[in-house]
Amino acid sequence: MTKAFNSQLADLPVTIFTVMSALARQHDAVNLGQGFPDQEGPQDMIRLAADALLDGQNQYAPLTGLPELRAAVAEANLRFQGISVDADSEIIVTSGATEALAASLMALIEPGDEVVLMEPLYDTYLPVIRQLGGIARIVRLQAPDWALPRQALADAFSPRTKAILVNSPMNPTGKVFTAEELAFIAALVQKHDTFAICDEVYEHLVFNTPHISLMSLPGMRERCVRIGSAGKSFSLTGWKVGYVTAPAPLAAVIAKAHQNLVFATPPNLQRAVAFGLNKDTDYFATLAQDMATQGTLLASGLQRLGFGVLPYQGSYFVMADITPLANGLDDVAFTRLLSEQARVTAIPASAFYHADPPRNLIRFAFCKRPEVLREALNRLEAWKKPVKRFFPPNTQLSN
């Protein structure tokens, strides 16, 4: 063939998640890399989804989602964030939050528009923006506390800014933006007459700190797109059910993008998620409590072993500084070493940066059963013993 493929897609490297998961399989490692739970979600939801396949409602769902799920999303907005929305005109059900993100960006971005991003960032954001012809203006949050760099963020806005993408609770850092930080972001959005796309998939996974939706702040109701995920809220990541809340005029355009991407999401899963969103608030509190316990188990164990554990307030993840243990190796080489020798897999944090990343941080996922986390810690402890430790020369790698 002489004709070239799409260069932006063809030039994308194999993701670090694919690389590290393959290493985990090769070495029978405990995989704390990719962020998915190793336990099934609520059995009543799974049973409802299974039964719903057998009652003759398996044709296309409505473009914007089943009425019962849109109503449940609207009620959840009000119950958890005090946001009142119209279920018929301001909710779109999508095939996962990643599709919701793509459809939302498609609805807003034209070639040459600028989008403000904060890194470290989820690896899908940048490729989608570039594919749409958008220009990313990236602001870096710094370890260890990941505080909002206010002057740098203000400087990133311009008359060409179409949107800012806000991820809170944040992947990969586990940061939850404070009320003061969100107010600063809101002021910039209003000053520059722009939009905010809010990736809030971990909204129910916060630990000893509140999650505040940017959409709930004064003046932000008509400027925000709020994205949620049933996969994260119910530990059912394979279902790929997401939902968008947006002001009606923008929601109508997002729906058109959704129509061109997948059109509709499986109706049996939508019905089960509607049931799940109507669960008692105790379910969501217990979900967060259980995840917090797992996070504490892993973070305290890593700290005991000599890692520099960074603060986190939500999500599935904890970041760790490898400097005390890495013997000069960078994050990619060190995570490879851990997979091969300790048989524990993590993700090098440089994968979450666009250029010149720090090379001393790695990300662990703690959305695993306590016995799995303990096994990982036991393996790391055994590897730390001098007889087990081997640092091959010249093993610096790039991702």
Working for side chain to side chain contact (heavy atoms under 4.5 Å, CB included), residues Thr94 and Val262: CA-CA 8 Å; Thr94 60; Val262 298; over 6 Å; no
Please tell me if the side chains of [X] and [Y] come closer than 4.5 Å, counting only heavy atoms from C-beta onward.
{"X": "Thr173", "Y": "Leu141", "answer": "no"}
{"X": "Cys198", "Y": "Met215", "answer": "no"}
{"X": "Ile46", "Y": "Leu236", "answer": "yes"}
{"X": "Gln81", "Y": "His211", "answer": "yes"}
{"X": "Tyr353", "Y": "Ile138", "answer": "no"}

Can you name the nearest heavy-atom pair linking [X] to [Y], along with the distance?
{"X": "Thr323", "Y": "Asn360", "value": "OG1-CB, 3.6 Å"}
{"X": "Asp199", "Y": "Val201", "value": "OD1-CG1, 3.2 Å"}
{"X": "Ala251", "Y": "Ala246", "value": "CB-O, 3.9 Å"}

Parallel, tilted or perpendicular: which fits the ring planes of Phe284 and His204, with parallel below 30° and perpendicular above 60°? tilted
Angle class for the Phe207/Phe366 ring planes (parallel below 30°, perpendicular above 60°, tilted otherwise)? tilted
In sequence, state the C-alpha distance, the side-chain angles, and the governing distance for Glu375 and Lys368, and then conclude on salt bridge (Lys or Arg N to Asp or Glu O under 4.0 Å). CA-CA 11 Å; Glu375 174 62 21; Lys368 311 296 179 182; over 6 Å; no
So, Phe352 versus Phe317, ring centres under 6.0 angstrom or not? no
Taking the six-membered ring for Trp and the full ring for Phe, Tyr or His, determine whether the centres of Tyr316 and Phe36 are under 6.0 Å apart. no
Given Leu377 and Leu305, is the side chain to side chain contact (heavy atoms under 4.5 Å, CB included) satisfied, shown in steps? CA-CA 8 Å; Leu377 291 169; Leu305 292 171; 4.1 Å; yes
Quick one: does any side-chain atom of [X] pair with a main-chain N or O of [Y] as donor and acceptor, under 3.5 Å?
{"X": "Glu181", "Y": "Thr178", "result": "yes"}
{"X": "Arg363", "Y": "Ala349", "result": "no"}
{"X": "Arg70", "Y": "Ala87", "result": "yes"}
{"X": "Asn58", "Y": "Leu53", "result": "yes"}
{"X": "Glu222", "Y": "Pro247", "result": "no"}
{"X": "Asp113", "Y": "Gly134", "result": "no"}

Cluster link [X] to [Y], ILVMFWY, side chain under 4.5 Å:
{"X": "Leu214", "Y": "Val139", "answer": "yes"}
{"X": "Leu132", "Y": "Leu165", "answer": "yes"}
{"X": "Val273", "Y": "Phe80", "answer": "yes"}
{"X": "Tyr283", "Y": "Leu78", "answer": "no"}
{"X": "Leu297", "Y": "Val30", "answer": "yes"}

Apply side chain to side chain contact (heavy atoms under 4.5 Å, CB included) to Val241 and Leu69, showing your working. CA-CA 11 Å; Val241 178; Leu69 180 49; 4.2 Å; yes
Considering residues, nucleotides and ligands other than [X], do more than 12 of their heavy atoms fall under 6.0 Å from its [atom1]?
{"X": "Asn208", "atom1": "CG", "value": "no"}
{"X": "Arg79", "atom1": "CZ", "value": "yes"}
{"X": "Glu371", "atom1": "CD", "value": "yes"}
{"X": "Gln8", "atom1": "CD", "value": "yes"}

If we ignore angles and hydrogens, is there a donor and acceptor under 3.5 Å between the side chains of Asp290 and Gln294? no
Any chance the side chains of Thr15 and Thr18 put a donor and an acceptor closer than 3.5 Å? yes
Assess whether a salt bridge exists between Arg150 and Glu180, defined as any Lys/Arg side-chain N lying under 4.0 Å from an Asp/Glu carboxylate O. no
Under 4.0 Å between a side-chain nitrogen and a carboxylate oxygen: does that hold for Asp145 and Lys175? no
Let's go through Leu188 and Val116 carefully: what are the C-alpha distance in whole Å and the side-chain angles of both, what is the deciding distance for side chain to side chain contact (heavy atoms under 4.5 Å, CB included) to 0.1 Å, and is it a yes or a no? CA-CA 11 Å; Leu188 288 173; Val116 178; over 6 Å; no
Could you please spell out the steps behind the salt bridge (Lys or Arg N to Asp or Glu O under 4.0 Å) verdict for Asp55 and Arg271? CA-CA 12 Å; Asp55 64 2; Arg271 292 163 66 186; 2.7 Å; yes
